Amino acid sequence: MPELPEVETIRLQLKKFLVEKKITGIEIKKSKSFPNDSKLVIGAKVIDVRRFGKVCVIDLDNKYSLLVHLKLTGQLLVNGIIGPHTRVIINFDSDNLIFNDLRIFGWIKVVKTDEAENSGFIGKLGPEPFRDLTFDLFKQALEKTTRPIKIILMDQEKISGVGNIYANDALWLAKINPKTPANQLSNQLTNQLFDAILKVLKDGIKYGGASDQHYLKPDGTRGEYQKHFLVYGRKGELCERSTCQKEGAKITRIAVGGRGTFYCPNCQK
DNA sequence: CCCCAGCCCTGGTCGC
DNA sequence: TGCGACCAGGGCTGGG
């Protein structure tokens with residue numbers, strides 16, 4: 001599922017492939033995937049590609065932008081192959097951009113560029129890691145609530161861009177139990193968690209995202225972060241910490257807030 | 001305001 | 001072999 005590292009990887013490739021390219025036509029196969037009037041952007045040229053949390057913003061030279069949210073199963077492929085899950089095809093002079101989305105949760109919306117940052121939930125997003133998330137802001141987000149820390153990490157209004165994969169891995173790295181009430185974390189653990197979030201997101205970007213299930217980069221290649229998962233998706237495997245290995249401690253899967261949660265009960269107390 | 005349950009979707013998996 | 005039930009989950013909505 002595309003989270004900050006995946007969407008950032010997509011952004012960098014789209015910027016390379018699409019800037020200066022002109023939209024010549026849009027074919028909408030599912031209106032739910034592209035609910036606005038495509039005429040608003042036909043003939044416009046791409047000038048920039050930005051990212052807010054998990055949303056990709058493609059800015060055009062006619063004061064409009066395309067917002068893309070891939071949700072769980074969305075893919076943006078440059079010159080990809082049209083398949084059974086292709087929902088939208090954006091044609092450029094000599095290339096096309098294919099939006100595949102098996103579960104039809106994702107969308108592409110047309111907004112005015114100067115309203116993009118405030119449109120819909122982008123305006124409600126919390127501080128962005130690597131941009132404006134500071135330790136003090138992070139601490140403030142945690143101290144107001146007794147909800148489980150994992151829920152808070154994934155709450156886009158608290159911190160933007162962190163989803164299930166990176167929340168699980170960050171909590172393991174910081175040795176924190178996912179169910180710990182957010183306001184009960186000590187200053188030291190809060191510090192460890194802050195560093196851990198930045199570390200796993202950075203690794204995610206370094207490996208081009210996690211191609212665990214559907215995610216592909218726009219050039220059609222797979223990311224590599226799934227080969228470096230710390231706990232995510234590793235139910236039943238031995239925890240990587242040497243002390244846990246000696247004791248045979250295994251990664252467990254539980255539900256927190258209804259979401260699949262992976263952790264080591266031995267080192268994440 | 002805060003929080004939670006239910007909803008949207010479809011392919012894969014499991015039990016009978 | 002086939003069929004139905006169930007599950008995955010980001011963000012939205014409605015209710016307490």
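Small disclaimer: the values here were computed from a predicted structure and weren't measured. Below, chains carry the letters A, B, ... as their sequence lines are ordered, and counting in each starts from 1.
- The distance from atom CG of A:Asp101 to atom C1' of C:dG10 is 12 Å, rounded to the nearest whole Å.
- For the pair A:Arg87 CZ and B:dC8 P, the interatomic distance rounds to 17 Å; values are reported in whole Å.
- As a whole-Å value, the separation of A:Asp155 CG from B:dC2 C1' is 11 Å.
- Counting to the nearest Å, the P atom of B:dC1 and the NZ atom of A:Lys144 are 13 Å from each other.
- In this structure, A:Arg147 reaches the B:dC4 phosphate: one of its side-chain N or O atoms is under 4.0 Å from OP1 or OP2.
- The interatomic distance linking A:Phe99 (CZ) with B:dC9 (C1') rounds to 13 Å, in whole Å.
- Between A:Arg222 and A:Lys217 the shortest heavy-atom distance is O-CE, 3.3 Å.
- Partner of A:Tyr225 under the ring-ring contact (aromatic ring centres under 6.0 Å, His included) criterion, chosen from A:Tyr232, A:Tyr166, A:Tyr215: A:Tyr166.
- A salt bridge is absent between A:Lys112 and A:Glu115; no separation between the charged side-chain nitrogens and carboxylate oxygens falls under 4.0 Å.
- Heavy atoms of other residues, nucleotides or ligands lying less than 6.0 angstrom from NZ of A:Lys199 number 12 at most.
- The side chain of A:His69 places an N or O atom within less than 4.0 Å of a non-bridging phosphate oxygen (OP1 or OP2) of C:dG11.
- Distance, A:Glu6 CD to C:dG10 P: 11 Å, rounded to whole Å.
- Taking the six-membered ring for Trp and thresholds of 30 and 60 degrees, A:Phe138 and A:Phe194 have ring planes inclined between 30 and 60 degrees apart.
- Atom NZ in A:Lys29 sits roughly 19 Å away from atom P in B:dC9 (whole-Å rounding).
- Proximity of A:His214 to the phosphate of B:dG11: no side-chain N or O atom is located under 4.0 Å from OP1 or OP2.
- For the segment residues 253-264 of chain A, the set of residues with a heavy atom within less than 4.0 Å of an atom of DNA chain C comprises A:Arg253, A:Arg259, A:Gly260, in numerical order.
- A:Ile104 comes within 4.0 angstrom of the backbone, heavy atoms only, and of no base.
- Rounded to whole angstrom, the span from the NZ atom of A:Lys124 across to the P atom of B:dC1 amounts to 11 Å.
- In the displayed structure, A:Lys21 atom NZ is contacted under 6.0 Å by more than 12 heavy atoms of other residues, nucleotides or ligands.
- A salt bridge links A:Asp59 to A:Arg50: at least one charged side-chain nitrogen sits closer than 4.0 Å to a carboxylate oxygen.
- Under the stacking criterion of a centre-to-centre distance below 5.5 angstrom and an interplanar angle below 30°, A:Phe105 sits stacked against the six-membered ring of C:dG10.
- Taking 4.0 angstrom as the limit, A:Lys54 places a side-chain polar atom (N or O) nearer than this to OP1 or OP2 of C:dG11.
- Backbone-only engagement by A:Gln156 is indicated by non-hydrogen atom pairs under 4.0 Å involving sugar-phosphate atoms exclusively.
- Among the heavy atoms of the strands lying under 4.0 Å from A:Thr145 are primed sugar atoms or P, OP1, OP2 only; no base atom is included.
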